[in-house]
Amino acid sequence: MDTQPLRFDNRFIGDLPGDEETGPRVREVRGAAWSSVMPTPVAAPQLLALSTEVADLLGLGPDLTDSPDFPRVFGGNALYAGMQPWAANYGGHQFGHWAGQLGDGRAISLGELLAPDGARWELQLKGAGRTPYSRGADGRAVLRSSIREFLCSEAMHHLGVPTTRALSLVGTGDAVVRDMFYDGHPKAEPGAVVCRVAPSFIRFGTFELPASRGDVALLRQLADACIARDFPALADAGAQRYAQWFAQICERTAILVAHWMRVGFVHGVMNTDNMSILGLTIDYGPYGWVDDYDPDWTPNTTDAQGRRYRFGTQPQVAYWNLTRLAQALSPLFDDVAPLHDGLARFQAVHAQREREDIAAKFGLAQCGDDDVAMMAAWLQILQDGEMDMTLAFRGLMALDPQAPSVQGLDAAFYSAERREAVLPAVQAWLQQYAARLRADTLDAAMRQQRMAAANPVYVLRNWLAQEAIEQAEQGDMSGVHTLLEVLRHPYDVQPGRAHFAGKRPDWARDKAGCSMLSCSS
Ligand code: AMP
Ligand code: MG
């Protein structure tokens with residue numbers, strides 16, 4: 001293979017101790033942050049989708065992305081010069097319980113690419129084969145879950161939500177066997193590999209693992225390496241740097257979950273191994289998008305019993321996860337006060353963001369205490385009326401404050417009966433909202449602009465992803481390509497694309513892949 005003119009500087013493995021053993025033999029890895037392991041080659045790598053924006057970000061031109069080497073590299077069959085594959089070691093709290101060593105069981109990082117603009121991007125294959133952290137599993141990913149990760153990463157980015165990105169989706173030509181609902185009906189499915197891209201994939205669990213083992217030396221090395229690489233502004237903060245670092249993690253996490261609440265995203269598996277230290281949305285598994293507004297909804301059938309990771313509890317779960325991280329980092333602190341301060345920072349920033357989002361979503365200059373109550377009342381109506389969250393907020397944009405009418409909201413109702421039931425409450429609320437708009441300082445144009453920037457038209461509705469997946473499983477990738485295109489401009493009404501802004505069709509209500517997703521992926 002031709003040597004590519006790409007620059008790699010693999011600091012994670014350069015700065016941190018590695019496992020002495022190489023290769024995928026499953027093992028406990030102590031005293032090391034990573035293990036050297038090669039992707040396992042696949043039968044017939046084929047490029048199924050590419051995010052040209054991410055390719056541009058990385059400085060990968062068409063000469064490279066169009067070449068036959070590209071699917072080979074990003075399917076795991078070849079390396080560009082400078083790539084040094086590794087799997088990261090980490091632990092985590094899963095569903096509230098300490099789970100010990102987890103690690104990258106099917107993700108393999110290829111290297112840290114230095115983009116032409118000087119930015120550093122870690123390239124990571126998901127589904128690239130077994131690693132020391134695969135435990136009993138195969139290290140692979142199915143096409144359906146890979147499409148979901150590929151599309152949602154890009155959709156989130158364009159919504160303005162911090163996230164890992166996705167460069168490519170490569171079909172492997174190999175079958176992967178999954179028992180989707182863990183009910184004794186395993187099935188062979190097409191396999192795929194996504195190349196994820198982020199400044200770093202370090203997780204809360206990266207620090208929890210050495211802390212759980214009393215390995216303070218490694219914990220400190222990880223913290224220092226993370227600050228140096230991912231929080232360079234703090235490198236000179238001296239003795240204050242751990243405190244400032246933790247405060248920033250808390251702040252970023254608060255901003256992250258506020259975004260999720262704003263756009264109606266449910267992560268589905270907020271285990272501490274799935275929490276990015278950079279405050280990025282990471283590990284797209286059984287996530288979902290709220291259709292009819294319901295704070296108790298979780299898309300994750302694996303969590304159906306405990307319902308820990310419901311839409312409405314995400315901020316509290318994020319806080320709990322930060323308390324786990326604080327605990328893990330505590331050996332680095334003589335005094336725990338800065339850790340408490342960091343956690344308080346989460347609460348303050350989250351409350352602040354919530355208010356900013358209320359103002360933006362309602363089209364107000366500022367959010368006052370009454371507006372917080374007005375939002376609570378509105379969300380209660382959405383829930384009681386089984387109204388589509390995305391359509392209901394966009395529907396408010398059409399409201400004439402001089403003559404408020406429920407008409408703009410009609411498209412948001414899933415049932416005539418529910419509409420009937422909440423109609424008086426909706427009408428009363430609209431009067432109140434209209435009066436509030438009349439008293440506000442923003443003019444109509446400014447209001448529309450604010451609202452249009454905070455309330456998306458297009459989100460990756462579960463059933464839209466499912467449609468594209470079913471097409472793709474028949475060999476037709478056009479649905480994935482179209483969705484990727486539509487979701488690049490989620491706040492702009494796009495002519496001829498009403499289908500993608502529509503509410504959930506009846507066929508999708510209780511369908512696997514739409515309202516029910518398992519961790520099997
Ligand atoms: P998740 O909840 O999907 O983020 O995964 C939790 C842990 O299981 C992580 O350590 C993953 O790397 C690992 N894992 C999930 N699926 C697989 C798989 N098919 N093969 C190997 N490891 C996996
Ligand atoms: Mg994970």
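Just follow the structure's listing: the first ligand is 1, and inside any ligand the first atom is 1. Just so you know, these numbers use all the heavy atoms, side chains as well, and skip hydrogens, waters and symmetry mates.
At a heavy-atom cutoff of 4.0 Å, ligand 1 is contacted by the side chain of Arg178 but not by its backbone.
The protein heavy-atom contact nearest to atom 8 (O) of ligand 1 is Arg135 NH2, 2.9 Å. Looking only at heavy atoms of the protein, atom 3 (O) of ligand 1 is closest to Arg106 NH2, 4.2 Å.
By the 4.5 Å heavy-atom criterion applied to side chains, Met83 and Val73 are counted as neighbours.
The shell of residues lying under 4.0 angstrom from ligand 1, judged by heavy atoms, excludes Arg130. The shortest separation from a heavy atom of Gly139 to ligand 1 is under 4.0 Å, placing the residue in contact. Distances from ligand 1 to the non-hydrogen atoms of Cys519 include no value under 4.0 Å. Using a non-hydrogen distance threshold of 4.0 Å, Asn271 does not register as a contact of ligand 1.
Residue Gly103 has at least one nitrogen or oxygen atom sitting less than 3.5 Å from a nitrogen or oxygen atom of ligand 1, judged on distance alone. The shortest N or O to N or O distance between Asp283 and ligand 1 is below 3.5 Å. For ligand 1, the polar-atom distance check against Asn274 finds a nitrogen or oxygen pair separated by under 3.5 Å.
Ring centroids of Phe246 and Tyr242 are separated by 6.0 Å or more, keeping the two rings apart. Between Tyr458 and Phe500, the ring center distance fails the sub-6.0 Å criterion.
Each of Leu143, Ile469, Leu460, Val142 was evaluated against Arg148; a single residue qualifies, Ile469, per the side chain to side chain contact (heavy atoms under 4.5 Å, CB included) test.
Atoms of ligand 1 lying under 4.0 Å from at least one heavy atom of Arg140, given by number and element, are 19 (N).
Ring geometry for Phe95 against Tyr309 counts as tilted: the plane angle lies between 30° and 60°, on a 0 to 90° scale.
For Asp283, the N/O/S atom at the shortest distance from the Mg ion (ligand 2) is named OD2.
Under 3.5 Å, the side chains of Arg353 and His350 contain no donor-acceptor pair of N or O atoms.
There is a protein heavy atom closer than 4.0 angstrom to atom 22 (N) of ligand 1.
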